[in-house]
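Predicted model only: the values in this text are computed from it and were never measured. Remember, it's 1-based here, ligands and their atoms both numbered in the order they're listed. Computation of the quantities below employed the complete heavy-atom set of this structure, encompassing side-chain atoms and omitting hydrogens, waters and symmetry-equivalent molecules.
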Amino acid sequence: FQSSQKEAIRVKEELRKEVECLRADLQQVREDRDQSVAQLNTLTAELATYSEQARKSSKDSELLRIKAAAFEETCSSQQEQIETLQKQLAVATEKLKHADVTAIEAMTGYESQKETIKDLEERLAYAEFQIIEADKLRKKLHNTILELKGNIRVFCRVRPFLSDTDSNGQEEAIISYPSSVENAGRGIDLMNQGQKCSFSYDKVFDHSASQDDVFVEMSQLVQSALDGYKVCIFAYGQTGSGKTYTMMGKPGRDQKGIIPRSLEQIFKTSQSLESQGWKYCMQASMLEIYNETIRDLLAPGRSSSEMPGGKQYTIKHDSQGNTTVSDLTTTNVFSTADVTSLLEKASHSRSVGKTQMNEQSSRSHFVFTLKIFGSNESTGQQVQGVLNLIDLAGSERLTKSGATGERLKETQAINKSLSALSDVIFAIAKNDDHVPFRNSKLTYLLQPCLGGDSKTLMFVNVSPEASSAGETLCSLRFASRVNACEIGVARRQTQSKSSSDNSNRLSYG
Ligand code: ADP
Ligand code: MG
């Protein structure tokens with residue numbers, strides 16, 4: 001028993017231990033179960049969320065499928081676009097290739113054009129050079145022509161009948177013109193006391209010649225003043241024969257005389273020569289020689305009471321042949337308008353004298369002088385020309401005017417100075433050692449412009465009336481003596497040689 005008891009105790013102990021163990025196990029199992037339940041709960045919850053998510057994502061995937069379909073659509077349309085763009089690109093590339101070719105062609109074209117331009121520029125430069133050379137040649141040839149014609153030339157101009165004298169056409173024509181071809185435009189016949197006298201000059205203008213016809217014949221002469229020559233143009237003839245009309249003319253386009261036309265031409269030509277590098281500067285002066293006394297027609301504030309000779313007006317020539325008159329007003333002129341106002345001023349001064357001094361204008365010599373200074377910067381040339389335009393006093397002879405006293409003195413002074421002028425011209429023509437320049441104020445004033453390489457033109461103006469026949473004959477005879485000056489062949493040879501040398505010095509030195 002004891003042993004069984006012991007046994008039973010031991011068993012009981014074992015069992016109790018076993019129970020304890022089991023209890024522990026149970027406890028463990030319970031705990032496990034609780035844990036599993038808890039796990040289950042969380043898993044259920046998770047499942048719920050997952051299934052929720054699964055629903056969502058199935059929605060999403062639906063959306064994505066739609067989107068994908070849309071994308072596929074876009075994609076295919078873009079594919080199409082790409083294809084068209086590729087086609088376009090191909091075309092563009094083709095075009096570009098073509099353009100490249102054209103560009104190369106253009107480039108070569110441009111190159112050749114550049115060549116052409118260079119060529120043209122060279123030719124232009126050469127042409128400009130030729131123009132300059134041709135201009136030099138022109139000056140030289142013009143000079144030669146004038147030398148061959150004689151440096152003193154004579155033009156004759158016959159005034160038309162003035163309306164009050166030929167009103168009935170009763171006046172018999174004493175002037176006629178030879179019809180021979182040889183003398184056409186150069187000859188003139190005068191009937192005087194039943195005798196026919198024939199004359200010929202470098203040019204004869206009949207009564208119908210306009211101011212323009214006259215000027216055309218002398219524009220070359222005016223041009224030479226710009227080329228650096230000393231030029232003198234005289235109007236000679238009895239009072240009323242048209243000297244002032246020829247030189248000054250009357251207001252109005254067509255009636256303008258040589259003086260305004262010359263100035264217009266000079267200003268116009270000097271402007272066109274500017275393109276060849278020429279710059280000109282001009283100085284004008286105007287004076288009157290009355291009874292061997294110089295009067296300044298441009299003197300400022302010239303009053304009618306002022307006595308001529310109040311100032312000295314001494315004439316001086318320097319070694320270069322430049323003339324200065326002391327106290328004489330010289331004015332820089334820049335345009336025709338400047339000169340026009342000067343001419344107006346001068347004619348006003350003259351008319352003041354006219355009333356006071358008994359028609360002095362026809363009893364005095366009027367001298368318009370334009371000094372021209374030209375320089376060419378590109379060629380370094382310099383020229384100095386002078387243009388003298390002279391309206392001489394009436395040439396009628398002493399007996400005709402039948403004057404006494406003051407008038408006699410006047411007429412003597414005029415005759416003396418006109419004969420001094422002819423003496424000078426004839427002495428130059430004969431190549432005399434002594435030329436009597438100092439015998440009158442007029443010849444002394446014009447000394448450098450009457451000899452050497454200067455160019456002189458004498459206008460002999462004549463009246464057509466029978467009552468003037470005697471004076472007309474005198475004028476024509478005087479003119480043909482002057483005209484004869486150029487015929488001296490020996491003189492012309494030596495003169496032409498020296499004058500061409502001079503011309504070289506003047507124009508191209
Ligand atoms: P001068 O100056 O020689 O004394 P003018 O020039 O004063 O002579 O001329 C005298 C008149 O004759 C003036 O009225 C002038 O207008 C006129 N006359 C002169 N020549 C011509 C001509 N070629 N045509 C028209 N009228 C002229
Ligand atoms: Mg006059």
Would you say [X] has any N or O atom under 3.5 Å from an N or O of ligand 1, going by distance alone?
| X | result |
| --- | --- |
| Gly242 | yes |
| Lys243 | yes |
| Tyr245 | yes |
| Ala209 | no |

Please list the nearest protein heavy atom to [atom] with its residue and the distance rounded to 0.1 Å.
| atom | result |
| --- | --- |
| atom 2 (O) of ligand 1 | Thr244 OG1, 2.6 Å |
| atom 17 (C) of ligand 1 | Leu162 CD2, 3.7 Å |
| atom 4 (O) of ligand 1 | Gly240 N, 2.7 Å |
| atom 14 (O) of ligand 1 | Lys250 NZ, 4.2 Å |
| atom 19 (C) of ligand 1 | Arg159 CD, 3.3 Å |

Original post:
Do we see a donor-acceptor contact under 3.5 Å between the side chains of Gln255 and Tyr245?
Top reply: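 Per modelled atom types, Gln255 and Tyr245 side chains form a pair under 3.5 Å.
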Any [X] heavy atom less than 4.0 Å to ligand 1:
| X | result |
| --- | --- |
| Thr239 | yes |
| Gln238 | yes |
| Arg157 | yes |
| Ser241 | yes |
| His207 | no |
| Pro160 | yes |

**OP:** Mark whether atom 22 (C) of ligand 1 lies under 4.0 angstrom from at least one protein heavy atom.
**Re:**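 Neighbour list for atom 22 (C) of ligand 1 includes protein heavy atoms (cut-off 4.0 Å).
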Original post:
Is a salt bridge present between Arg295 and Glu288, judged by a nitrogen-to-oxygen distance below 4.0 Å?
Top reply: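 Answer for the salt bridge query: yes.
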**OP:** Run the ring-centre check on Tyr444 versus Phe437 and record whether the distance is less than 6.0 Å.
**Re:**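 No, ring centres 6.0 Å or more apart.
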Original post:
Does Ser262 use its side chain to pair, donor to acceptor, with the backbone of Val222 at less than 3.5 Å?
Top reply: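 The answer is no, because no donor-acceptor pair under 3.5 Å joins these two groups.
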Original post:
Between the main-chain N or O of Val231 and the side-chain N or O of Ser454, is there a donor-acceptor pair closer than 3.5 Å?
Top reply: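 Not confirmed, Ser454 side chain does not pair with Val231 backbone.
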Subject >> Side-chain heavy-atom pair Leu343, Met286 within 4.5 angstrom cut-off >> reply: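 Answer yes - side chains close enough.
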**OP:** Test Thr379 against every option in Gln382, Gln381, Glu377 by the side-chain hydrogen bond (donor to acceptor under 3.5 Å, both in side chains) rule and name the one that passes.
**Re:**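 That would be Gln381; it is the only one of Gln382, Gln381, Glu377 passing the side-chain hydrogen bond (donor to acceptor under 3.5 Å, both in side chains) with Thr379.
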Original post:
Rounded to the nearest 0.5 Å, how far apart are CG of Leu418 and CD of Glu396?
Top reply: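 Taking CG in Leu418 and CD in Glu396, the distance rounds to 9.5 Å.
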Subject >> Greater than 12 external heavy atoms within 6.0 Å of Glu133's CD >> reply: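 Count over threshold, so yes.
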Subject >> Whether over 12 other heavy atoms sit under 6.0 Å from Tyr110 OH >> reply: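 At most 12 heavy atoms, drawn from other residues, nucleotides or ligands, come within 6.0 Å of this atom.
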Would you be so kind as to tabulate the donor-acceptor pairs closer than 3.5 Å made by side chains of residues 115-130, with sequence neighbours excluded?
{"unit_1": "Thr116", "atom_1": "OG1", "unit_2": "Ser112", "atom_2": "O", "d": "2.6"}
{"unit_1": "Tyr126", "atom_1": "OH", "unit_2": "Gln130", "atom_2": "NE2", "d": "3.3"}

**OP:** Could you tell me whether any N, O or S atom belonging to Thr244 is less than 2.8 Å from the Mg ion (ligand 2)?
**Re:**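 A backbone or side-chain N, O or S atom of Thr244 is under 2.8 Å from the Mg ion (ligand 2).
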